[in-house]
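A quick write-up on the structure given underneath.
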Amino acid sequence: MAPRIAIVGAGFGGLCMAIRLRRAGIGSFTIFERAGGLGGTWRDNTYPGAGCDIPSHLYSYSFERYGSWTRRYPEQPEILAYLEHCADKYDVRRHIRFNTEVVRASFDGARWHVGTAGGGGETFDAVVMAVGQLNRPHMPEIPGMHDFGGTAFHSARWDHDHDVTGRNVAVIGSGSSAAQLVPRVAERARRLTVFQRTPNWVIPKPDAAFGPAARLALRLVPGLQRAYREWLFRYMESTLHPALAGGWSAAVLERRAREHLRAQVPDPELRARLTPDYPVGCKRVVIDSAFYPALTRPDVDVVTEPIVRIVPGGVETTGGTHEADTIVYATGFLATEFLAPIEVTGRDGQELARQWTGGAHAYLGISVPNFPNLFLLYGPNTNLGHNSIVFMIECQVRHILACLRELPGDGPLEVRPDAMAAWTRQLDRAMGRMVWGDGCRSWYKTPEGRVTNNWPGRATLYRRLTARPPLPAYRRV
């Protein structure tokens, strides 16, 4: 009898898990989705200019090489349409329970009880958590936020009923989301003020549209799309990963970023404020060609003084008050708070939140001791700074499928503590070689300084590790 499986989340991870289960002949699964539509982060982030900094033919499933991408770097509507296409083509939409938020999951010694908001609940043999790392917006704690007299919202919760045309707009934050939305907002706002705490390294985005002939060739010429995808993957592995490990390409990447800044920002004073003082790769490198030109517009200001408070009419910094009737918080996500706020209780009453005090950790980013038959997608230390997370998700799904094939057996599967300890030692050694170490502040790290989000190796290494048979690292409980 096939195991009953709960999948929490209907983004890239949850849909990939569902599609692979169906292709393996397993239809006894339910996807719980708290929102009214699928897509995860690509459903939530609808701000102007929202898009991906990984090429479209790589930011897609290997088993669904979509031939209809219109651009090298896809924007949000096209990515969401791709996920909708996959859900329909592989007939997994009927397994999704929309508007159903999972609030708790508890293990009774044999099975998992999954509880939803409103008091509902069901029992499953295994649970796959596919909630991702970038699903809960981070709102900074700034005095006076509730006193603001205008309209304020997070970039991931864009208020489309609020027209920014002709308004004084303040954008707090200057990372990847800000880099995408600032050029679009600057075109419409009366005045735009960007509040930057720390500048980012920015490299040009070699975006281009695929014409009808190129799209037709990628769709019809045997092997062309596969070869293009493989070239993209190998380029990122061989060129971008060494930069994050302090290798040969770090200097090349920094030189490219500095040249990009000099070419697009002629004002030396502004250029100085936009120049980072930390190694390239310490924070996520921004890939964009429109951000710097937007910052040089006469109706755009870049403010680097610390914010003191929000006042009814704008934002007060140590240098004065800046008028605004609209505030956009482009302040990222609660990326290190994995699975929160779901309450997860494992074997013998173990609480996952308590076990993860000091930073989330999981074997291969997938399995946690004391939590049998619980699997994570896009879990701790599986994010990439150089390649496609969709590749990592597919590796994780293959590993989970190998575990599920062992069910039912002589008991639920749990990763062995010694395997977990060995994994942590290896991870820590590898992490010590990366640029994210001491003195580097980013969303990859907990307040205590532990890097809980990023994978320190090449993506090909992760593929080899997750392809190993699971049982030597797991035990029956």
Side-chain angles (χ1 to χ4, degrees), residues 12-13 16-17 19-21 23-24 54-55 57-65 128 130 133 226-249 281 360-369 375-406 413-436 444 451-475:
F12 258 108
C16 185
M17 189 77 245
I19 291 168
R20 285 300 194 184
L21 284 170
R23 296 182 74 180
I54 298 295
H57 287 87
L58 189 56
Y59 197 77
S60 50
Y61 299 128
S62 63
F63 54 82
E64 184 56 30
R65 297 186 184 92
V128 179
Q133 297 184 13
R226 181 189 296 272
Y228 177 52
R229 178 187 175 97
E230 184 66 17
W231 177 81
L232 289 169
F233 178 83
R234 294 296 173 184
Y235 171 79
M236 292 181 173
E237 284 284 279
S238 62
T239 304
L240 298 184
H241 180 266
L244 303 180
W248 67 272
S249 58
H361 53 276
Y363 174 70
L364 298 174
I366 298 172
S367 303
V368 186
F375 306 101
L376 313 180
L377 289 175
Y378 197 14
N381 297 112
T382 63
N383 183 64
L384 292 179
H386 73 284
N387 214 313
S388 173
I389 186 58
V390 182
F391 174 89
M392 300 288 279
I393 288 172
E394 289 198 57
C395 293
Q396 294 154 28
V397 166
R398 282 193 293 270
H399 179 84
I400 295 170
L401 278 173
C403 292
L404 293 175
R405 291 189 187 101
E406 302 296 332
L413 284 181
E414 175 185 302
V415 65
R416 300 174 62 89
D418 57 326
M420 182 71 232
W423 171 257
T424 301
R425 289 193 298 271
Q426 295 168 6
L427 195 65
D428 288 345
R429 282 198 298 270
M431 205 67 74
R433 299 189 290 268
M434 305 306 290
V435 71
W436 315 307
Y444 309 145
V451 177
T452 57
N453 293 74
N454 279 13
W455 168 242
R458 296 179 185 270
T460 48
L461 173 61
Y462 189 78
R463 176 170 57 191
R464 291 198 299 273
L465 293 172
T466 51
R468 293 174 178 174
L471 276 186
Y474 289 76
R475 66 181 181 182

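All values derive from a computational prediction rather than experimental measurement.
- Here the CD1-OH distance, from I389 to Y59, works out to 8.0 Å after rounding to the nearest 0.5 Å.
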Go through H241 and M434 one step at a time and tell me if the side chain to side chain contact (heavy atoms under 4.5 Å, CB included) criterion holds.
CA-CA 10 Å; H241 180 266; M434 305 306 290; 4.2 Å; yes
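- Remark: E64 engages K89 in a salt bridge (charged side-chain N to carboxylate O under 4.0 Å, His left out) (not counting sequence neighbours).
- The two atoms that bring L384 and M392 nearest to each other are CD1-CG, 3.4 Å, heavy atoms only.
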Step by step, work out the side chain to side chain contact (heavy atoms under 4.5 Å, CB included) result for N454 and W436.
CA-CA 9 Å; N454 279 13; W436 315 307; 3.2 Å; yes
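- Not counting sequence neighbours, the partners of H386 by the side-chain hydrogen bond (donor to acceptor under 3.5 Å, both in side chains) test are E237.
- Within the 4.5 Å cutoff, no side-chain heavy atoms of S60 are placed close to those of V390.
- The shortest side-chain heavy-atom distance between C403 and H399 falls under the 4.5 Å cut-off.
- Of the inter-residue distances, the one linking F233 atom CZ with T460 atom OG1 reads 5.5 Å to the nearest 0.5 angstrom.
- With values rounded to the nearest 0.5 angstrom, M420 atom CE is found 8.0 Å from L427 atom CG.
- Heavy-atom neighbours of R23 CZ from other residues, nucleotides or ligands within 6.0 Å: above the threshold of 12.
- For N381, the side-chain hydrogen bond (donor to acceptor under 3.5 Å, both in side chains) test picks out no residue, with sequence neighbours left out.
- Contacts classified as side-chain hydrogen bond (donor to acceptor under 3.5 Å, both in side chains) and involving residues 418-429 (residues at least two apart or in different chains) are given here: R416-D418.
- The shortest side-chain heavy-atom distance between Y228 and L58 does not fall under the 4.5 Å cut-off.
- For the atom pair Q133 CD and N383 CG, the distance stands at 5.0 Å (nearest 0.5 Å).
- Taking each heavy atom of S238 and W248 in turn, the nearest pair found is O-CZ2, 3.5 Å.
- In this structure the side chain of L232 never reaches within 4.5 angstrom of the side chain of N387, judged on heavy atoms.
- For the pair T239/R234, no side-chain contact is recorded, criterion being any heavy-atom separation below 4.5 Å from C-beta on.
- You'll find the side chain of R463 reaches within 4.5 Å of the side chain of F391, heavy atoms only.
- No donor-acceptor distance shorter than 3.5 angstrom exists from the side chain of T466 to the backbone of Q396, with no hydrogens or angles considered.
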Verdict with reasoning, L404 to L21, per side chain to side chain contact (heavy atoms under 4.5 Å, CB included):
CA-CA 10 Å; L404 293 175; L21 284 170; 3.9 Å; yes
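- Contact annotation: the side chain of R475 approaches that of P417 to within less than 4.5 Å [non-hydrogen atoms, C-beta and beyond].
- Here the shortest heavy-atom pairing between T382 and G379 reads OG1-O, 2.7 Å.
- Nearest heavy-atom pair across I393 and L377 is O-CD2, 4.3 Å.
- Considering only heavy atoms from C-beta on, P55 comes within 4.5 Å of M236 through its side chain.
- Each salt bridge (charged side-chain N to carboxylate O under 4.0 Å, His left out) pair with one or both residues in residues 383-398, not counting sequence neighbours, appears once here: R20-E394.
- Scanning both residues, N453 and Y444, for their nearest heavy atoms gives OD1-O, 3.1 Å.
- Residues meeting the ring-ring contact (aromatic ring centres under 6.0 Å, His included) test with F63, sequence neighbours left out: Y61, Y90.
- What you find for F375 and I400 is that their closest heavy atoms are CB-CD1, 3.6 Å.
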